[in-house]
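Written below as structure tokens is the structure these notes are about.
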Amino acid sequence: MPHLIFIPATAAPEAGPDVAAQTSLTLARLDERLRVERSSLADALVITVYLRRAADFPAMNGAYKQAWKATPPTRTTVVVDPQAPGAQVEMSAVAVPAGTERRVVHPSSWMASPNPYSYGLRSGDTLFLSGLIPRNGTDNVVVSGDVATQTRTVLENAKQLLEAAGLSFAHLVSARLFLPDLKDFAEMNRVYREYVPYERPARATVGAGLTSGAYRVEMTFVASAAPRTAIDADAEKRPNLSPAIRVDDTLFVSGMLADGEPSSGDPAAQTRDIVRKIDAVVAKAGFTRGDVRDLLVYVTDDEAAKAAAMECRAAFGSAAITTVKVGLADAGARVEIMSLAQRG
């Protein structure tokens, strides 16, 4: 695995209410923070965009595309309320040090992306995919239909991208899934299991808006050609995911929820229980809490966001922590945390 650099969600509300101005300044800030780490936006592999209004997607794109002269990173855009007051957009980044391999993966039969991102980027053995929506890669036409139809389209797209890199679903190590309607969760999972074999990648699935009302699902994946080890995989208890996947010196950990009664809905108590579970799976994989580099903290409300961020900061110190307000699939859950650990 390449050495990864994580920049948590960043915003620029002081640029004023215009989303294009906020986008430009946010990207400049990401670049500044990456340069401190001997990297830059030109070395980014993944940008995740958290956009307040789907109607602002074209304006955000117009400003966004100015940041790259060539080879933009992969990108996933979801519609949620940014955490920074006054922010119309927030962005997080995953990058590699300057000079590290960063190669485009694009099926020969596909059209160019209609938006400013690469469908796939490979660095060493690792492949990062953009958020995939139900749109045919060959002609960019949206595939309408129920969530089962759209899930198949997304996974067929993923299959073609993986094959273009000489990989398959068996090489997946991490997945993030977004559903505008969590009532589609079970049906989406049914189709997902047809494509993604056991032992399945680490995964988190949450409720979030997408950039068009025509989309009922979006998925983004990480895959690796290197040998992978599933930690505590159990198809009966957890049919859709493995708690964690280890590849070399990197551990991808699934989104975790608090066990048992969710402490009467107390988000701080839920977060502490999740931290306990992260510690356990990290230790079982041969890592330590100090190896945790990135935390994606999904919360249901502002109170939970503050409590979870405080508990995570106390537990994980300098790790990149991004808090995102979404819907969670489990009733009573207010916090879910997906994480990544990397040695060195």
Side-chain angles (χ1 to χ4, degrees), residues 1-9 33-34 37-39 44-46 48 76 92-97 100 123-129 171-177 199-206 220-234 238 241-259 270-299 308-324 335-344:
M1 285 286 297
H3 171 68
L4 300 176
I5 300 165
F6 301 93
I7 306 299
R33 296 184 68 174
L34 285 168
E37 303 292 337
R38 299 183 181 179
S39 182
L45 296 169
V46 179
T48 302
T76 299
S92 63
V94 182
V96 286
T100 304
S123 184
D125 286 331
T126 309
L127 175 68
F128 298 84
L129 300 185
H171 295 96
L172 293 181
V173 295
S174 181
R176 289 179 292 152
L177 279 58
E199 300 159 327
R200 296 184 171 95
R203 200 186 90 176
T205 304
V206 297
T220 184
F221 298 102
V222 181
S224 176
R228 65 198 282 283
T229 302
I231 309 298
D232 274 350
D234 188 324
R238 293 173 288 267
L241 55 84
S242 300
I245 298 288
R246 184 179 69 234
V247 182
D248 297 330
D249 59 357
T250 304
L251 183 71
F252 298 87
V253 182
S254 284
M256 292 194 170
L257 299 161
D259 277 338
Q270 288 188 13
T271 304
R272 288 191 293 271
D273 193 51
I274 294 168
V275 169
R276 175 189 63 79
K277 293 176 71 175
I278 292 173
D279 280 343
V281 74
V282 162
K284 191 160 191 174
F287 293 73
T288 69
R289 181 185 286 189
D291 294 321
V292 175
R293 300 282 182 249
D294 184 57
L295 295 137
L296 181 53
V297 183
Y298 289 127
V299 296
M310 184 177 299
E311 294 291 339
C312 286
R313 182 60 62 212
F316 297 102
S318 61
I321 299 172
T322 292
T323 305
V324 186
V335 182
E336 180 174 351
I337 301 175
M338 191 177 199
S339 55
L340 182 146
Q342 188 169 54
R343 297 192 188 96

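When reading the values below, keep in mind they use all heavy atoms of this one structure, side chains included, and skip hydrogens, waters and symmetry mates.
Counting heavy atoms from C-beta outward, Y298 and R176 have side chains that approach closer than 4.5 Å. In this structure, F128 and L4 have side chains that are in contact, with non-hydrogen atoms separated by less than 4.5 Å. Counting heavy atoms from C-beta outward, V282 and D291 have side chains that stay 4.5 Å or more apart. Looking at heavy atoms from C-beta onward, E311 lies out of side-chain contact with V335 at the 4.5 angstrom threshold. At a threshold of 4.5 Å between non-hydrogen side-chain atoms, the residues I337 and M256 do not count as touching. Residues M1 and D125 fail the side-chain proximity criterion, which asks for heavy atoms closer than 4.5 Å.
Side-chain atoms of S39 never come within 3.5 Å of backbone atoms of L34 as a donor-acceptor pair (strictly under, hydrogens ignored). Without hydrogens or angle criteria, R343 side chain to T288 main chain gives no donor-acceptor distance under 3.5 Å. Checking side-chain atoms of S242 against main-chain N and O of R200 turns up a donor-acceptor pair under 3.5 Å. Listed for the T48 side chain is no donor-acceptor partner under 3.5 Å among the backbone atoms of T76. Side-chain N or O atoms of S339 include none that pairs as donor or acceptor with a backbone N or O of L295 at under 3.5 Å. A distance-only check finds no donor-acceptor pair linking the side chain of R33 to the backbone of P8 [under 3.5 Å]. Counting only distance, with no hydrogens or angles, the side chain of Q342 and the backbone of I5 share no donor-acceptor pair below 3.5 Å.
Nearest approach of G344 to R293, heavy atoms of both residues: O-NH2, 3.5 Å. Between V292 and A319 the shortest heavy-atom distance is O-CB, 3.5 Å. Shown here for F6 and L340, the closest heavy-atom pair between the two residues is CZ-CD2, 3.5 Å. Of all heavy-atom pairs between A225 and H171, the closest is CA-CD2, 4.1 Å. Nearest heavy atom pair, residue P201 against residue V173, reads CB-C, 3.4 Å. Residues P97 and H3 share a closest heavy-atom pair of CD-O, 3.4 Å.
Comment: D273 engages R276 in a salt bridge, judged by a side-chain N to carboxylate O separation of less than 4.0 angstrom.
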R238 and D232: CA distance, side-chain angles, deciding distance, side chain to side chain contact (heavy atoms under 4.5 Å, CB included) verdict | CA-CA 10 Å; R238 293 173 288 267; D232 274 350; 4.0 Å; yes
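No more than 12 heavy atoms of other residues, nucleotides or ligands lie within 6.0 Å of CZ in R38, so this atom counts as exposed by the packing criterion.
Every residue was checked against the side chain to side chain donor-acceptor pair (under 3.5 Å) condition with D234, not counting sequence neighbours, and none meets it.
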